[in-house]
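Below is one structure; the comments refer to it alone.
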Amino acid sequence: MTQNQTEQYSLKYESGKMTQESARSEAKRAQIRHGATRVFLAEGFAGATTDAIAKAAGVSKQTLYVYYRSKEKLMIDVLGSLLSRLNRDHAALDGDRPVDSLPQLRATLVELASEVLEAISGSDYLALSRVIIADSPRVPEIGRLWAQTITGGIRLRVTELLERARDAGVIVVDDMEAATRLLTGGLLTYILPDGIVATDGPVTAPDRERVERIVDLFLRATT
C-alpha cells in the first residue's frame with residue numbers, strides 16, 4: 001500500500017468513526033430528552049431534579065452532565081426538538097412554498113396554519129407550555145426560551161413567506177412584524193389560551209373552514 005493509499009484509508013476510517021460517534025451522541029441526546037420530558041411534565045421545571053431526569057433517561061448523572069450542563073439547556077433542547085420535528089414532518093413549513101400569486105399565498109397560508117395547529121394540539125407542546133408558564137416566575141429563562149422556540153419559529157416562517165409575497169407584489173405591508181402577529185396571533189388563540197387551561201379533555205384545532213376564514217380576512221387587509 002502506497003503512502004497516498006494509506007492516507008486515504010486513514011481519512012476514510014476517521015470519517016466513518018466520527019459519523020458513528022455522532023450517531024451515538026445524537027441517540028444518547030434523544031434518550032435524555034425523552035426521559036427529561038417525562039420528568040418535566042410530571043414534576044414541573046423547578047421540581048425536576050437531575051437525579052430524576054438521569055433515572056428516567058436511564059443514564060448516570062455524569063453522562064447527563066456531559067451532554068447537558070444545566071436544566072435550562074436541556075429544556076431548550078427539548079423545545080428545539082419539538083420545533084425541528086414540526087419543521088421536518090410538515091411540508092407546509094417549507095420556506096420555498098409558492099407565494100407568487102394571491103391563490104398561491106392563500107393556499108400556502110391555509111396549509112401552514114392547519115398543519116401547525118394540528119401538530120401543536122397533538123404534541124407534548126401544550127403540556128410543556130403549562131409547565132413553563134407555571135414555573136417561569138421562578139425561572140424567567142424558560143419563559144423566554146419558550147417564546148423563542150415553537151411560537152417564535154412559526155412567526156419567523158410566516159414572516160419569510162409574507163416578505164416573499166410582498167416582494168412579488170401580492171400583498172402590501174408596511175409593518176411586517178405587526179402583520180405576522182396579526183395572522184399568527186389570531187390563529188394561535190384557538191390553541192394556546194384554550195389548550196393551556198383545558199381540563200376537560202384533549203384540545204382540538206379549529207376546522208379547515210375556520211382557518212380559511214381567518215386567512216381570507218387577513219388577506220383582505222393586506223391586498
Side-chain angles (χ1 to χ4, degrees), residues 18-19 21-90 92-95 112 115-161 177 180-181 184-185 187-189 191-193 195-198 203:
M18 289 175 63
T19 300
E21 291 177 350
S22 178
R24 284 196 294 268
S25 177
E26 180 49 39
K28 186 63 68 175
R29 285 183 180 275
Q31 178 182 339
I32 294 172
R33 284 195 302 266
H34 180 70
T37 299
R38 289 161 49 200
V39 177
F40 288 146
L41 293 179
E43 305 295 337
F45 181 81
T49 65
T50 53
D51 285 327
I53 292 172
K55 182 178 180 180
V59 300
S60 67
K61 286 181 65 175
Q62 289 77 9
T63 299
L64 178 63
Y65 284 124
V66 166
Y67 289 93
Y68 298 100
R69 302 297 295 177
S70 67
K71 283 199 303 181
E72 288 80 7
K73 291 185 181 298
L74 180 49
M75 178 63 95
I76 288 172
D77 203 23
V78 167
L79 290 173
S81 178
L82 282 175
L83 178 58
S84 295
R85 191 162 66 245
L86 195 66
N87 283 327
R88 183 179 63 249
D89 294 345
H90 296 277
L93 290 175
D94 184 355
L112 170 72
E115 290 197 11
V116 166
L117 292 173
E118 188 66 33
I120 290 177
S121 64
S123 70
D124 289 328
Y125 180 65
L126 289 178
L128 284 170
S129 296
R130 297 185 189 104
V131 169
I132 291 169
I133 290 172
D135 287 334
S136 59
R138 288 174 289 176
V139 192
E141 292 82 0
I142 63 171
R144 287 193 290 269
L145 71 88
W146 176 66
Q148 293 167 2
T149 50
I150 305 294
T151 54
I154 292 169
R155 288 203 308 270
L156 178 61
R157 191 56 52 85
V158 170
T159 296
E160 292 171 350
L161 291 171
E177 181 187 4
T180 300
R181 288 181 179 272
T184 57
L187 290 164
L188 289 174
T189 55
I191 296 295
L192 294 184
I196 289 171
V197 300
V203 178

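As a basis for the values below, the full set of heavy atoms in this structure was taken, side chains included, without hydrogen atoms, waters or symmetry mates. Position 1 is the first residue of the sequence; numbering continues from there.
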Nearest heavy atoms of [X] and [Y], plus distance in Å:
X	Y	result
Pro137	Ala134	CD-O, 3.6 Å
Ala52	Val39	O-CG2, 3.7 Å
Leu74	Leu64	CD2-CD1, 4.4 Å

Val66/Lys28 under side chain to side chain contact (heavy atoms under 4.5 Å, CB included): CA gap, chis, key distance, verdict:
CA-CA 11 Å; Val66 166; Lys28 186 63 68 175; over 6 Å; no
Less than 3.5 Å apart, which donor and acceptor atoms pair up between the side chains of residues 53-63 and the rest of the protein, not counting sequence neighbours?
unit_1, atom_1, unit_2, atom_2, d
Ser60, OG, Thr63, N, 3.1
Ser60, OG, Thr63, OG1, 3.0
Lys61, NZ, Asp51, OD1, 3.3

Only counting residues at least two apart or in another chain, list the ones meeting side chain to side chain contact (heavy atoms under 4.5 Å, CB included) with [X].
X	result
Ile133	Trp146, Ile196
Thr180	Arg155, Val158, Thr159, Leu162, Met176, Thr184
Ala46	Asp135, Arg138
Lys73	Arg69, Ser70

Rounded to the nearest 0.5 Å, what separation is found between the CZ atom of Arg33 and the CZ atom of Arg29?
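The CZ atom of Arg33 sits 8.0 Å away from the CZ atom of Arg29.
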Point-to-point distance, once rounded to the nearest 0.5 Å, from CD1 of Ile154 to CG of Leu156:
11.0 Å
Tell me the side-chain hydrogen bond (donor to acceptor under 3.5 Å, both in side chains) pairs involving residues 34-49, sequence neighbours left out?
none
Contact list for residues 45-78, test ring pair (Phe, Tyr, Trp, His ring centres under 6.0 Å), sequence neighbours left out:
Phe40-Phe45
